[in-house]
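Everything numeric in this text was worked out from a predicted model, so none of it was measured. All values below come from the heavy atoms of this structure, side chains included, with hydrogens, waters and symmetry mates left out. All chains are named by letter (A, B, ...) in the order of the sequence lines, taking the proteins before the strands, and each is independently numbered beginning at 1.
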Amino acid sequence: MDSVEKNFERTLVTSALPYANGHIHLGHIAGAYLPADIYVRYLRLRGVKALYVGGSDEHGVPITLTALKEGVTPKEVIDRYHTANTAAFQRLGISYDIYGRTSWPLHVDTTQRFFKALDAGGYIHTEEMELWYSPQLERFLPDRYVKGTCPKCGYTDANGDECERCGAQYAAHELLSPRANIPGDASSPVLRKSRHWFLDLPKFEAPLKAWLDGHPEWRPNVKGIAYGWVNDLRSRCITRDTDWGVPIPVDDPDAENKRIYVWFDAPIGYVTNTRQWAQDKLRDANGWEIWWKDSGTRMIHFIGKDNVPFHAVIFPAMLMGQGDYILADNVVGNEYLNIFNRQTGKSEKGSKSRGNMISVRWAVDNLPVDAIRYYLCAIAPESKDSDFDWDEFMNRYNGELCDVVGNFVHRCLTMTVKNFAGRVPEAGELEAADKEMLDAIPRQMAAIAESLEGFKFRQAVERFIDLGRKANVYFDAAKPWVTRKTDMARTGATLYVCCQVVKALCFAMTPFMPGGAAALAATLNLALPNNGPDGGEDAWAAAVAPLPAGSALNAPQALFPKLDRERIAELAEAHRQGEAF
RNA sequence: GGCGGCGUAGCUCAGUUGGUUAGAGCAGUGGAAUCAUAAUCCACGUGUCCGGGGUUCGAAUCCCUGCGCCGCUACCA
C-alpha cells in the first residue's frame, strides 16, 4: 500500500487491446483482463485515483482477410467483434472506465502525432524491402500467410521466413515453392519491392536499459524477454502494404498505398482512449495529459507474454521519442492459460482449429460470474502456464469459495439473525480467543493488500480464503450453538466477533467477486463505495472498523450457490464437443 | 541453434536477501460436532526439493553442467 499512496498521485491501468477479429476467451481473461480488473477495483476501494483503459484493436491485415473471406467490409468485422467483446467484458464485470476503438477518428490524430514526433526526432528512416505479393488477391501477404519448402531441411510446411521443424531462418527469396496460406488463394506468391518506414530502436538502447535496470521488481519472465530484446535491438518496420489502418503522415507518393503497422498504433490506442474519455467525461480536451505526462502518474500494463516486447521495449521507446510522456512503472506479463483434456490427461494449448476454446460469452451464459472470476484468479498463469480443468474448477469453487467463505458467512449470519433479532449483538466481555480473532482481521486484510499491490493475485485470493478458514476454526472452537443454551452473553460475543469477520470478508471479496460482495453488503446494510478516477475515501481501511452492536442485518442468502456435479459434466462434454465457443 | 521461464508430497502449488526437524490446500485414513450452502473442526506426511559437480560451517535457495516441459526468436496479431 505504501508504493500506491506514497509516491504516486494516481494510477493508470491498461489491459492489452484485444484484436477485433474474434471473440475473447477465458485465456485472455486469466492473463490480461481479470488481474487488471481486480487491481483496479482494489485501487478504487482504497480511494486511489485510478483510470482503467482498454479497447479494441481494429486495424491490420488479418481483419481485411476475414472480411474478404466473408464477403463483408472490414468495418462490419470490427463492429461485430467490438460489440460482442464489449458485452462479454461487461457481463464478466471487467470495469473499464473506457473501452475504446482504434477505428475512432481521434486515433488517427494520436497515432500520426506519435509518428511525426518520432520522425522529427530522427528516429524514423525508410528501407526498401522484398515482400511476398499475391497476384490473385492483388495484395501483399505478411509472412504468416506464406508457406513453402524449407531451403535447409526440405520441410514442406515451413513459414515464409523461418522453418518450424529445423529452426532455420532465411531471407524471403530463399523459400522454395512458396504458396499462399489463405483459403481460396491458389496462386504462387511472388516477391515485390516495396519501400517502408522503420523505427530506429537501437537509438533507444541506453535509455531502455536504464529504465529496465530501474525496475528489478518486475516479474522474471517479463524482465527476461525485455532484456533479450534490448541487448540486440534492430530497426523495426512500422508500415504495411494495406489500406486498412492509419495513413502515414508523410508527403511521399510511396506512402499512398501503405498504412501504419497495427502494432505501432495499437498501444497508442491507450492514449487515444484516454483522450476520448477526457473529452466525454471531463469535457476537457486536455484532461488526458495528466494521466500520460505527469510524473505523479503510475502506469501499469497488464498483458499476455506474447505482448512483452511491445510493452517493455517498443512502446516505451515510442514514448521516449515523444519527449514528455511517462513510462510504465510495471509491465505485468502473464503466461498462458491452457486447456486440460481429461480424455488424454494432457494440457492443450487453446486453439480455434482444435475447437477447445471457451469463449467469454459462452462461459457467462452457462456459469456464475463469480465462479469464473474466482477460479481464473486462483489459477492465474503468473509464473508459468496453467490449465483450465473442469473438475478442478468445480472442486475449487465449491470447496473453497462456497464451503469455506460462503458457508462461514451463512452460518454466522443465520445464527445471529435467529438469536439476536436480526441485529449485531453486543460484544460484551471478550476472551483471549475473541481478541485473537479480532486482531487477525486487520493482519489478514493487510496481507491481502500486500499481495494485490505486488500483483500476486493467486496469493491474494488464497489469503482471502485463509481468513475464512481462520474464522471457521474460531467459530467451531467457540461453539455458539452450544453456549446459546446456557450463556447468551458469551454467544453474543462470539457472533459479534464473527460479524466483524464477515464485514471484512465483504470488502476483501469486492475486487475478486463484485457480485457476491454486493449481495453481502446488502445483507449487512453496508454501502460499498463507488469511487471513480477522482478517488475518494479509503473504504478498505474502513473495512476493519467494527460493525457496531445493534446494526440491522437482513436475512442471509447463499452468496455463492454450489455448482452441480452433473451440470458441470454436461458443460465439460459440450466443451469437449467444441461447443464452448 | 540462440534467448527466457519453469521443474518441491499422489494432485495443485508456497517457500524474502543461503540458517534450527522443508510448508499449505486438495485427495486419502481415523475421529469430533450438528449453527450452517451435507457446509465445519481435529489428528495422521520415510518428499533422491529434476540429475551431477562446486562454493560454504551450512544450499530447495548461489555458481557450473546435464535432462525435461513451455514459450520467444523481430513480417502473427
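- Residue-level contact check: A/Pro220 touches the backbone only, with heavy atoms under 4.0 Å from sugar-phosphate atoms and none from bases.
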Given the rule in the side chain to side chain donor-acceptor pair (under 3.5 Å) test, do A/Ser134 and A/Asp185 qualify, once you have shown the distances and angles that lead to the verdict? CA-CA 8 Å; A/Ser134 165; A/Asp185 184 349; 2.7 Å; yes

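- Taking only distance into account, the side chain of A/Asn407 meets the base of B/A36 through a donor-acceptor pair shorter than 3.5 Å.
- Salt bridge A/Asp434/A/Arg490: present, at least one basic N to carboxylate O contact under 4.0 Å.
- Nucleotides of RNA chain B nearest to A/Val222 and A/Val473 differ in position, and the one nearer the 5' end is that of A/Val222.
- Applying the side chain to side chain donor-acceptor pair (under 3.5 Å) rule to A/Tyr397 yields no partners; only residues at least two apart in sequence or on another chain are considered.
- Rounded to a whole Å, the CD atom of A/Gln557 is 15 Å from the C1' atom of B/A36.
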Just the table, please: protein N/O against nucleotides 22-33 of chain B N/O, every pair under 3.5 Å.
none

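- The phosphate of B/A77 has OP1 or OP2 within less than 4.0 Å of a side-chain N or O from A/Tyr261.
- Checked against ring pair (Phe, Tyr, Trp, His ring centres under 6.0 Å), A/Tyr374 has no partners two or more places apart in sequence or in another chain.
- Of all nucleotides listed (B/G7, B/A77, B/U40), B/G7 comes nearest to the side chain of A/Lys384.
- Counting heavy atoms from C-beta outward, A/Phe455 and A/Glu217 have side chains that stay 4.5 Å or more apart.
- At distances below 3.5 Å, not a single donor-acceptor pair connects side-chain atoms of A/Gln444 with backbone N or O atoms of A/Phe464.
- Base contact: A/Gly406 has a heavy atom under 4.0 Å from a base atom.
- Using a cutoff of 4.0 Å between basic side-chain nitrogens and carboxylate oxygens, A/Asp243 and A/Arg139 are not scored as salt-bridged.
- Ion pairing between A/Asp232 and A/Arg234 holds under the 4.0 Å rule for side-chain N and carboxylate O.
- A salt bridge between A/Asp389 and A/Arg342 is present, with a side-chain N of the basic residue lying under 4.0 Å from a carboxylate O of the acidic one.
- Nucleic acid contact class of A/Phe475 (heavy atoms, under 4.0 Å, all strands): base.
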Please enumerate all protein N or O atoms sitting under 3.5 Å from an N or O of nucleotides 64-72 of chain B, with distances to 0.1 Å.
unit_1	atom_1	unit_2	atom_2	d
B/C70	O2'	A/Asp385	OD2	2.7

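- The P atoms of B/C62 and B/U16 are separated by 9 Å, rounded to the nearest whole Å.
- The distance from atom CD of A/Glu382 to atom C1' of B/A14 is 12 Å, rounded to the nearest whole Å.
- Within the nucleic acid shown, A/Ser383 comes within 4.0 Å of sugar-phosphate atoms alone, with no base atom in reach, counting heavy atoms only.
- Looking at residues two or more places apart in sequence or on another chain, you find no ring pair (Phe, Tyr, Trp, His ring centres under 6.0 Å) involving A/Phe420.
- Residue-level contact check: A/Phe310 touches the bases, meaning some heavy atom is under 4.0 Å from a base atom.
- Closest to the side chain of A/Asp403, out of B/A77, B/U40, B/U12, is B/U40.
- Closest approach to the A/Arg234 side chain among B/C13, B/U37, B/A74 is made by B/A74 (side chain taken as heavy atoms from C-beta onward).
- Checking B/U37, B/U12, B/A77 against every side-chain atom of A/Phe560, the shortest atom distance belongs to B/U37.
- Within residues 409-425 of chain A, the residues approached by RNA chain B to less than 4.0 Å at the level of any non-hydrogen atom are A/His410, A/Arg411, A/Thr414, A/Met415, A/Lys418, in residue-number order.
- With a 4.5 Å cut-off on side-chain heavy atoms, A/Leu201 and A/Ser235 do not count as touching.
- With the nearest nucleotide of RNA chain B identified for both A/Lys485 and A/Lys562, A/Lys485 has the one nearer the 5' end.
- Per the geometry, CG belonging to A/Asp387 stands 18 Å off P belonging to B/C6, to the nearest Å.
- A heavy-atom distance below 4.5 Å is found between the side chains of A/Phe140 and A/Ser194.
- If you take CG of A/Leu401 and P of B/A36, they are 20 Å apart, rounded to a whole angstrom.
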